[in-house]
Amino acid sequence: MKSPIKVAVTGAAGQIGYALLPRIASGAMFGPDQPVILQLLEVPVEKVMKALEGVAMELDDCAFPLLQGIVLTDDPKVGFGDANWSLLVGAKPRGPGMERADLLKDNGKIFTAQGKIIDEVGAENARVAVVGNPANTNCMIAASKARRLTPDRFTAMVRLDQNRARTQLAKKAGVQTTDVKDIFIFGNHSPTMFPAFGLATISGKPVVEVINDDAWLQGPFCETVGKRGAAIIAARGASSAASAASSLVDHVRDLTTVGAVHSVAVKSNGLYGFDPEVWAGLPVKTTGHGEYEVLTGLELDAFAKSKIEATNKELSDERAMVADMLG
Ligand code: NAX
């Protein structure tokens with residue numbers, strides 16, 4: 001039996017947490033032979049901590065063979081202590097009439113503190129995956145606070161967008177999602193993100209040839225993927241939770257599966273024309289446990305380049321709005 005890994009999850013009493021924790025405990029994220037200890041972090045509010053206790057009771061009631069311990073805490077030092085992975089799901093939601101800049105600043109404070117503490121108390125091989133929005137910029141802020149952990153340890157999730165794009169292409173072509181390959185998300189986890197259909201294939205043939213409808217690909221396809229979050233809210237009366245949790249399982253599982261090729265928001269280092277300092281969705285190949293390389297040299301046409309320019313501008317603008325919080 002392998003020794004257990006410690007997985008910290010923030011916002012564990014929230015709706016994504018509820019869908020996520022049983023998947024981690026069942027082995028879907030780290031494999032069927034990897035025991036886990038869950039370190040669940042929430043805000044110091046009695047009602048919330050009580051709800052977290054309820055979540056832990058349900059996890060107990062599943063009798064997961066791989067679940068070797070559950071820690072419930074409102075103390076980040078305990079939550080992130082020795083954690084091998086920190087999954088930063090908790091964030092402040094955008095309230096009515098709240099400006100994006102205010103949301104960036106409020107959440108910036110949370111991720112400033114969490115970046116610092118993970119750097120101080122996380123495991124030697126600590127890795128971070130950010131889900132809480134605005135995910136790319138929150139991740140950049142957390143990474144900027146680290147002195148020990150290098151920027152590559154900090155990733156943000158664009159996998160939900162990739163999964164959404166994959167299914168839309170499969171439905172349009174009348175194939176299974178497994179027939180769709182290499183659909184990558186470039187840029188921000190926001191409606192400006194670009195699902196780069198020009199690089200994708202269906203059953204080994206370019207998507208543009210199989211679907212043969214540029215107007216649909218450039219218009220409704222990009223729009224559906226970009227605005228899917230809002231469509232879910234309109235239909236369900238609540239934001240995506242099960243699909244977000246499932247995509248986070250995919251994000252981490254593929255970052256720990258050597259050879260996996262997938263979309264992850266990482267420090268761009270100037271690739272594909274992005275501002276070098278922002279965290280942008282990019283195609284990566286996993287090269288080791290949590291290690292990856294960005295795929296370089298992929299050919300992008302003028303349409304793709306214009307979309308990337310727009311999403312890069314948004315990321316750069318977000319960076320400017322939180323400039324005083326970085327470093
Ligand atoms: P909920 O509001 O249901 O849960 C969030 C939880 O986080 C709450 O229980 C809250 O108490 C906790 N929290 C807040 N600040 C915290 C802190 N400093 N430390 C620990 N816990 C804290 O939201 P939920 O639907 O679970 O969504 C969580 C986040 O994911 C939101 O920011 C949301 O916008 C974001 N999403 C990101 C997605 C992505 O693809 N990157 C997609 C889904 C989702 O919209």
Side-chain angles (χ1 to χ4, degrees), residues 8-21 23 39-56 71-80 83 86-95 98 100 103-104 106-118 128-142 155-165 185 187-193 195 225-234 236-252 262-265 279-281:
V9 181
T10 71
Q15 49 152 8
I16 294 176
Y18 191 73
L20 175 68
L21 299 173
R23 300 284 308 280
Q39 304 187 159
L40 308 182
L41 182 63
E42 261 293 351
V43 288
V45 174
E46 201 184 332
K47 198 170 147 220
V48 177
M49 291 308 290
K50 191 84 195 144
L52 187 60
E53 275 173 35
V55 173
V71 176
L72 310 183
T73 184
D74 58 12
D75 179 350
K77 286 206 165 142
V78 174
F80 297 126
S86 291
L87 311 179
L88 307 187
V89 178
K92 189 172 169 175
R94 191 167 178 165
M98 195 176 178
R100 189 168 174 82
L103 180 75
L104 281 161
D106 280 359
N107 278 309
K109 284 179 208 145
I110 296 175
F111 288 83
T112 293
Q114 292 185 347
K116 252 189 216 156
I117 296 174
I118 293 168
V128 179
V130 177
V131 173
N133 277 322
N136 300 53
T137 294
N138 289 340
C139 187
M140 173 183 67
I141 292 171
T155 61
M157 184 172 94
V158 288
R159 182 57 177 261
L160 177 55
D161 310 302
Q162 175 183 309
N163 289 343
R164 287 167 170 168
I185 303 299
N188 206 1
H189 169 67
S190 84
T192 68
M193 119 249 327
V225 177
K227 296 188 176 160
R228 187 71 164 181
I232 303 274
I233 293 173
R236 210 172 82 84
S239 57
S240 8
S243 55
S246 192
S247 297
L248 183 57
V249 170
D250 293 342
H251 174 105
V252 176
H262 51 125
S263 312
V264 180
W279 261 246

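Because the structure is predicted, anything quoted here is derived from the model rather than measured. As the structure lists them, so they are numbered: ligands from 1, and atoms in each ligand from 1.
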Engineer: Looking at atom 44 (C) of ligand 1, what's its closest protein heavy atom, distance included?
Structural biologist: Ile16 CD1, 3.7 Å
Engineer: Just to be sure I'm reading this right: ignoring hydrogens, which of Asn133, Asn163, Ile232 gets closest to atom 31 (C) of ligand 1? Compare them by their nearest heavy atoms.
Structural biologist: Asn133
Engineer: Would you say Glu42 touches ligand 1, if touching means a heavy atom closer than 4.0 Å?
Structural biologist: yes
Engineer: How about Glu42 and Asp74: do any of their side-chain heavy atoms sit closer than 4.5 Å?
Structural biologist: no
Engineer: So is Gly90 polar-close to ligand 1, meaning N/O to N/O under 3.5 Å?
Structural biologist: no
Engineer: Would you say Gln114 touches ligand 1, if touching means a heavy atom closer than 4.0 Å?
Structural biologist: yes
Engineer: With a cut-off of 4.0 Å, which atoms of ligand 1 are near a heavy atom of Leu41?
Structural biologist: 20 (C), 21 (N)
Engineer: Checking the N or O distance criterion of under 3.5 Å, is ligand 1 in contact with Gly11?
Structural biologist: yes
Engineer: Can any side-chain N or O of Thr155 pair as donor or acceptor with the backbone N or O of Val128 at less than 3.5 Å?
Structural biologist: yes
Engineer: Short N/O distance, under 3.5 Å, between Asp161 and ligand 1?
Structural biologist: no
Engineer: Flag atom 27 (O) of ligand 1 as yes if some protein heavy-atom distance to it falls below 4.0 Å, otherwise no.
Structural biologist: yes
Engineer: Is ligand 1 less than 4.0 angstrom away from at least one heavy atom of Ser239?
Structural biologist: yes
Engineer: Hey, does Ser240 sit under 4.0 Å from ligand 1 if you only count heavy atoms?
Structural biologist: yes
